[in-house]
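Quick note on labels: first sequence line is chain A, next is B, and so on, each numbered from 1.
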Amino acid sequence: MLPEVVLFYLFGGLALAGALGVVLMRNPVHSALSLVGVLISIAVLFIIQDAQLLAAVQVIVYAGAIVVLFLFVIMLLGVDREESLDDPLKSQRPLAIAVGVISVAAFVVLADANWTSGDLATRGALKQARTSNVEAVANSLFTTFLWPFQLTAVLLVIAVIGGVVLARRSHLPAREELRELEEQDQLDEQDSEAGKT
Amino acid sequence: MIEIAVPRVDWYSIAPVVVLVAAALLIILFKAIARDRVRTYEPALLIGVLGLALCAFFLTKQWSVVIDDGPADALAHMIALDGFSVFISVIVIIAAILMLLLSSEYLVARGIESRPEYVALVLMSAAGMVVMASANDLIVVFVALEVLSIPLYVLAAYDRTRARSLEAGIKYFVLGAFSSAILLYGVALIYGATGTTSLEGIQTFLATRVLIHEGTLLAGMVLLLVGLAFKVAAVPFHMWTPDVYEGSPSPVTAFMASATKAAGFAALLRILYTALVQYSHDWRQLLFALALVTLLGGTVGALWQTDLKRLLAYSSIAHAGYILIGVQAGTTQGLQSALVYLFVYAFMTIGAFAIVVALGGTDDVHAISDLRAYGRRRPVVAGLLAFFLLAQAGIPPTAGFIAKLGVFAAAAEAQSYALLIAGVLTSVIGAFFYLKVILTMYAAEDEQPVPDELETAELETGTPHPPVGLPVAAVLCVCVAITIWIGVLPTIIIDFARDASLIL
Amino acid sequence: MPTTALELLDLMWIVPLLPLTGAVVLLFAGKRIGEPKAGWLATAMMALAFVWSVVMFLALISLPGEERKHVSDVFTWLSAGNLKVELGFLADPLSITWILLVTGVGSLIHLYAVGYMKGDERYSRFFAYFNLFATAMLVLVLSSSFLLTFLGWEGVGLCSYLLVGFWFERPRASSASLKAFVTNRVGDFGFMIAMFFIVGAIGSLDYTEMAAQAGGISKDTATAIALLLFVGCIGKSAQIGLHVWLPDAMEGPTPVSALIHAATMVTAGVFLVCRANPFFERSDIALDVVAVVGALTALLAGTVALVQPDIKRVLAYSTVSQLGYMFLAVGVGAYSIAVFFVLAHAFYKAALFLGSGTVIHGTEETQDVRRMGGLRKYMPFTAAGFAIAWLTIAGLPPFSGFWAKDGVLAAAFYDESYFVWAIGLAAALLTGFYMTRETMLVFAGNERFRPEPASADSAVDHALVEHDITASPTVDYGTAVAPAHLGHDPHEGAPTMIFPVVVLAGLAMVAGVLELPFHGLEFLTHWLEPTFGSHEAAKPSSFLSGFGLSMLAVAVGVTGIALAFRLYRRGLEDPRVDPIDAKLGPVGRLFGHAWYYDEGIAAAVGGPLRRGALWTAEVLDQKIIDGAVNGVARGVGAAGTGIRRFQTGLVRQYALGIAAGMAALLIWAIWRVGIN
Amino acid sequence: MGDYPILTAIVATPILGALLVLLTPARRPELARAVGLMMSMATLGFSLLLLWKFRTNFGGFQYLEHNRWFDSLGVGYIVGVDGFSLFMIVATALLFPIGLLASARIEHRAKAYVFWFLMLEGAILGIFLSLDLIAFFVFWEAMLVPMYFLIAGWGSANRKYAATKFFIYTAAGSAFLLAAMLVLAFLHQSDTGTLTFDYRVLAAWTTDGMSSSTEYWLFFGFMAAFAIKAPLVPFHTWLPDVHTEAPTAGSVVLAGVILKMGAYGVLRFGFELFPRASEHFAPLFLTLAVIGIVYGSIVAAMQKDAKRIIAYSSVAHMGFILLGIFSITIFGLDGAVFTMVSHPLTTGALFLVIGMLYERRHTRQIDQFGGIWKSAPKLTALFLIAMFAGIGLPAFSGFVGEFLALLGAFAAHRWWAIVATTGVILGAVYMLWMFQRVFTGVPEGENLEIADANGREMLVVVPLLALSLFIGIYPSPVLDRVEPTVKCVIRNFETRTTTIQRPVSDRMDLSGVKGCR
Amino acid sequence: MIAAARLSETYYLTFAVILFGIGAVGLLVRRNVLVMFMCVELMLNAVNVTFVAFARALNDVTGQAIVFFVLVVAAAEVAVGLAIIVAIFRRRRNGATADDIDLLQG
């Protein structure tokens, strides 16, 4: 196995590159694919840090389910049009980047390379003599974290209901307001096409 | 073999949540198995209200337990069972019941589909809020936050035929996800700094250690604050509020303004007053600034609003500012006053939104200018709206005054004089926009006479406006009664809050 | 029977109550009582009051000299802290003298008014005011304390306001009444502050306390009190500086001018100085000021009277001038002489005013002496009465005016106040001149009241005075002569109007016996001794010097008469040309415009003062102060608009808000970590 | 003294009346009016009973009622009456039936009008009776609402602006009041351990319990509210705007009693709670009061609207009141309180007459009038009497108050009083000038047709003027009841401030006054 | 093989911060709602890395357990979020970006 540092830089770099890809790709499909890259790189980083179970779940749930869902929606709705490069909100980009840089720098400065100050193993050690890491985590999920664990079940139910309710095909016609907006959009489109020609 | 020592489940402590979730599932099941012809909405409503009532029943049980035996925790320290949790849960439950009553005819009138699921989602969200009220661990806080928020995203977008509703949903969702990611990062940093996510654990850790490197902890605290400030709509994390409040179906808005705010403040109060109590000097500074800009932003932003719902949204931001004054005090009086405020505000705001519902209107657009001469055209509705607005402005002898008095008293006690001054002054500015609405209803008759056709039409038909339905009327009655009652005889609620401020 | 006398004196309050009853009855039921009866009722009330005053007089005089001072309290008016003011009446020679004057002359003038006001649409109301005035005047003089005097003082001011502006339809009248009241208030300002000082100095406002304690207060305080009281007197008695209202007050009906602005109210200032003499006596400065102001007033008002074309304005300025004499008298310490002067003046000036009223009445409201002449033929009784009064005021012996004026001048001379004496003497010359001028122009010479068919009369209408507080005062000098309009002969007044004139003239003639400057014949001085104490005016060192002085004064008066007689014996050839204008030239214009004092004030009030006030009201108040208030509101409102601009509706921007807030809080955290 | 809670009855009757009015059918406004009149008359009856039974020669509170309200915040329902509040109660109770009678012509939503009017009465009475800071504030703030609705609902053209300005401006002042009250109570709590808003307890504590600088700050917090309400220049600009727009009865009440609340607040709370600060800053407030007198008069003279003149005259009169108050002398306080009793009568009458003119001509612009005296002599007579009563003619009540106030000020601060006395002149200027322009001259056009005052209108105004005359000639009934309380206040100053120098003429032995705290 | 020296958690945490920042900035600058969602996922992943790194540093299970919850939450959020988008797109074929949703403002 390669030394941790190499793996870190390799996959860390990949992940960052992928993240930049998500942000910078003009086509949402490309963004989604970059996201897959990020997720898998992070899964690798998990493995390096002895979180094998999480790495697996990461790949299965994230890369396997979530990103696929994204792609599915993109395809379903046909919204893979590329975004134009210039931002109508002139100050948005510089400000966003400034805020982002300041925040990141702030975190780094605050931590001052001394991120961790807590007590060790307050809720059970991760690395135990006999049992595996997977075991420890699983154990905690059903004991210490039983309550939030149960709640996640509720969460999933909610997601199902919500998804169904919203995405279900409606029997009702759009109201005036929507029609107007659509007409407006069409007019805008015509205008822009006219502008192009 | 792995031995999993499942913790003892204290059913009393989770009964309210269980009841709510069960009722929601029951509704879903019923909807799933019911035949197409069968009316599903009314039974769903019934189940929902019954579930909430049962939940309230369990809450009263919890209350007596807490009062008799003192606060306790349950389920591996994940749940804090104390007066505080019950108090907030009561607010949530009452808000949910009133909200369902408001929705009952509203959904039908608007032709909103999937009505049983609506009830279920409300119950789920309420369950999330109850969990939030008793959360004793940052993880539970986070999960509860999601449990309460995600149904709200859906509910905000529920009127799918209306672009504004959908827009409210997507905006709320995007920003909600963003802020909960921030909050989560805060949880992570605090975890790193203290080695635990348990609120008690954090408190003990901070009480027994002197941290040399406080950076991570402070950053985590900041991020937690950001996430919760978003939920309670504090400036500058408030910008979603006007849009979402305006776009969402009115009952949902009422629910968001009352219950969600209560839940958000519940988490904020519990985290600050227990886990981070050692750092109260620091978070008081932060909240000072937040409260200040929230008061100003909410009040000033409301000045020129032309839509009633939007106006109420800004006013809800301002109210968050007042509650923050109480929170900022960092004292028992502060906690108590914030609780009273949340309680009172729930009724004031639900009452106001009940009026919005009663006003009718096809597109849920409520331009203030449409209220012209309502003092004559619809005297009762206008009078009640005026009443709720004045209550929100904090005019005695309404409950709004008692609420404000409490937080100001807390600020005075904590010697946050600048906040005190800012608070009293912004309530004056605030009075301006409330009065503007009232003026429109009562004093604008001469300048632009109401079009004759409209007037005659109103007169001819006899029932010029959609009649106010019984449930809405009931909500209005309750809200008016409570608002006056607390305004005149506040002892009961103050004592209730005092008992509730014995936080775990 | 001193007990009975005291018991009787306890009923002093009936004196003011009688006219008050008349006033109240007339105010509420005047219309029903009807025209002649209302007047008779009021007159009767006054007559009764006079009778009762005589009873009071008799009661008082029946007491031994030192005990002629009786206070009867009705109830406690004001009691606050250490201060207790009774609503009480003080009977002493001074007040009894004055009530006799007020009720006596008042009755006559009431009687006169019964005829004079005939046919006026507000007949009964006139008498109500008239009676009310009498009440206030009686309270003023009878009161036992400064505060109650002040009540009467203001009350007469109120009635003066109501009566001057009685014909309120006339803008000039309503302006004049306003001016009268406001000017008087300026004086009252002094009166009030004087009372504050008095309370501070002696802790009471009672005259009795004053008499007891005034000797013990510091000279400075006494000076302040005396001067401030004198400010009040200046206002009420139209002394120089605040004299402007009196000539204008002639806009009121003539009985009003006679009663209020000649006989009684305007002499209230003299009364007050007499009453407060313990303070004045403590302060030489105050007395000097009083004397000098009085003398100057006498002179300056006399100059103005020289050239006035209006019959009543001449008398008005004459009144101002005569009041100056009275103050001159008190200023040199001759209180009883001053009182004597007041009495004499009341008689002859009332006669003059009533006579002029008859003239005005008989010539259909002509007041311009240039349009009169030869009236003695048509109104012989009035002319006779007027003439007697004229000679009296001019100071011809043995009429009362002579004794009064001579007494004043002698007192000034022997007080070694030669300056004021000289001024007084000069004023006597003027008096002789302008009164002769008026008498000649009115009653002698050619008749100028008939229309002249040939000349196209310059029908200059009297320009309406603006409804404006700052409007130019009513200066008549230089105005075009009024058009002659009398198609028929002037007529003599009704018997009720003749009678008072004649009686008053008769009184003026003989009143001198009250105070003859011969030992033992100074009845008034003796009578008033309880009030003024042993203080006496300086006496001539010898009979010869006294006689010489008297002769000098008479000579001066006669000179004035002679000069005027020469000039006006034949009346005016052309009504538009008054010979004195040519003689005096620019000085005449100065006199005619009353030294431009009125116009100067009007220009100041109408110009810079008004502009300043307008600026205060419209710019300072509305723009600056209220502007600041509204500006704060507008600023907050602008912030509201600004906040709305941030709310673009774009999610990304909202998210940026969140992120920026987070960054800000993180920066706080860095600062927080940094300081530890 | 009497187990019958008469004070509560006084507060509750109008509020009860308001609720009763709500129950009357909307189609029968005359019923609402009758109920309103009846209940306000009943209140007047109670207050007269109180006046009758009020103990003279007693400086403290009488008819005290002390009930718990919400203890956890130390707030109680404490009412009591002393010399300061007694006549404010009576004046309030008197003005409201008169105001209702004067509003008989209001047809538009008469029921709501009566409702708000009675609510206003209840709130104002509550203000004058409350001895608990929070209860006081509750009434103080609650008073705004009915007044606001009265202006907004029944005012003239610019009423929206006026109503809002009234509400916001005065609420801005009370904001500081509330803040200062809270700080005061909690400082007391941290010092003594008990949280209370009972002003008597706090008053007994303040001088010992806090530094003088704290006292100064809190004093200004209180004064912010009182100065705006009174109003002191330069916080007066809401007053003319509101007066111009308010309905007649609203103006009567506003000028009559609402303005007095500011002065009352100073007497009751400013002086008792913060004697050191009051004494220390007295020159400042004296100066403002004097400015108010002179400035108010000058500005009044230049107004074109008759109501605005009276409004600014109120500014001047309130200047006299505050002058008397801040002279901190027996005379001054006597005079100030007396003026507080007298001013409602005279200004009320003036506003009523102006209102009658407005009803007839639908304008208040002075240049629209002229010669009214000829067409409406009775109306003019009413105005004339009210005017002279107002400008302080002796024999009317205005004089007694002004004289004593100035006397007190003169004793303590000579030059201020001298400048203030010019107000006597200026008052005559603006009032008489207005009278001249409106009532004298020859009537033309519509002014010819003006109807004279009818019986109801006479009934409304005459009692006020008669009372003014009565207490002007015989002020003892008022002064006898006021003075013991005044003496208590002065004694309070003497015992609790070290610096105060009482003027000689005002000095007297105060130890014998009964009932002082 | 080089000795598998354990890398300090600082590396991972710093990495996570940067990832979090990229995600946040991405959300701020992109207009496609779907991409915005993806950016939220980036942020959540950064948090997960943080948790895991802390868990290793503290030798504590909590950090890893939380990641499970985060995963579930992320899934639920995405489901609902995408449903809303679908609902919107049902109604409006055009104007797919977040900037077009601005009926509500002011």
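Only the side chain of D:Tyr161 comes within contact range of chain C, with heavy atoms under 4.5 Å apart. With a threshold of 4.5 angstrom between heavy atoms, D:Ile473 approaches chain C through its backbone and through its side chain. Only the side chain of D:Leu479 comes within contact range of chain C, judged by heavy atoms closer than 4.5 Å. For chain C, the nearby part of D:Asp241 is the side chain; its heavy atoms alone come within less than 4.5 Å. No part of D:Ile490 comes within reach of chain C, as not one of its non-hydrogen atoms sits under 4.5 angstrom from that chain. Contacts of D:Ala395 with chain C are made by both backbone and side-chain atoms, with heavy-atom separations under 4.5 Å. Both the backbone and the side chain of C:Phe150 come within contact range of chain D, each with at least one heavy atom under 4.5 Å from a heavy atom of that chain. Contacts of D:Tyr312 with chain C are made by side-chain atoms alone, with heavy-atom separations under 4.5 Å and no backbone atom involved. Of the atoms belonging to C:Phe197, heavy atoms from both backbone and side chain fall under 4.5 Å from chain D. Heavy atoms of D:Lys378 lying under 4.5 Å from chain C are absent altogether. If you measure heavy-atom distances from C:Ser79 to chain D, the contacts under 4.5 Å come from the backbone alone.
Note that CD1 of D:Ile293 is 4.5 Å distant from CZ of D:Phe320, once rounded to the nearest 0.5 Å. Atoms CG and NZ, from C:Leu26 and C:Lys31 in turn, are 12.5 Å apart once rounded to the nearest 0.5 Å. Distance check, rounded to the nearest 0.5 Å: CZ of C:Phe191 to OG1 of D:Thr421 gives 13.5 Å. Of the inter-residue distances, the one linking D:Phe369 atom CZ with D:Arg437 atom CZ reads 12.0 Å to the nearest 0.5 angstrom. Here the straight-line distance linking atom OG of C:Ser144 with atom CD of C:Glu86 works out to 7.5 Å at 0.5 Å rounding.
Comparing D:Phe399, D:Tyr169, D:Tyr295 by how many heavy-atom pairs each has under 4.5 Å with chain C, the most go to D:Tyr295. Interface remark: of the candidates C:Ile624, C:Leu614, C:Thr76, C:Leu614 forms the most heavy-atom pairs closer than 4.5 Å to chain D. Taking D:Val233, D:Ile391, D:Ile168 one by one and counting their heavy-atom pairs under 4.5 Å with chain C, the maximum is reached by D:Ile391. Options D:Asp334, D:Leu426, D:Leu393 differ in how many heavy-atom pairs under 4.5 Å they form with chain C, and the most are formed by D:Leu393. Of the listed residues (D:Val299, D:Ile330, D:Thr329), the greatest number of heavy-atom pairs within a distance under 4.5 Å of chain C belongs to D:Val299. Taking D:His236, D:Gln303, D:Glu483 one by one and counting their heavy-atom pairs under 4.5 Å with chain C, the maximum is reached by D:Glu483. Your options are C:Leu147, C:Leu162, C:Ile202, and the one with the most heavy-atom pairs under 4.5 Å with chain D is C:Leu147. In terms of heavy-atom pairs under 4.5 Å with chain D, the best-connected choice from C:Thr183, C:Leu148, C:Asp626 is C:Asp626. Annotation: maximal heavy-atom pairing with chain C below 4.5 Å, among D:Trp373, D:Phe331, D:Phe439, occurs at D:Trp373. Among the candidates C:Val632, C:Val629, C:Asn184, the residue making the largest number of heavy-atom pairs closer than 4.5 Å to chain D is C:Val629.
Across C:Met137 and C:Ala268, no two heavy atoms sit closer than the pair CE-CB, 4.1 Å. In terms of heavy-atom proximity, D:Ser327 sits nearest to D:Ala412 at O-CB, 3.5 Å.
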Checklist line | D:Lys374 vs C:Glu169, salt bridge (charged side-chain N to carboxylate O under 4.0 Å, His left out): CA-CA, chis, key distance, verdict | finding: CA-CA 8 Å; D:Lys374 197 159 184 102; C:Glu169 294 91 341; 2.6 Å; yes
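Residues that satisfy the salt bridge (Lys or Arg N to Asp or Glu O under 4.0 Å) test with C:Arg125, not counting sequence neighbours, are absent from this structure.
Annotation for D:Glu444: atom CD does not count as buried by contact number, only 12 or fewer foreign heavy atoms lying within 6.0 Å.
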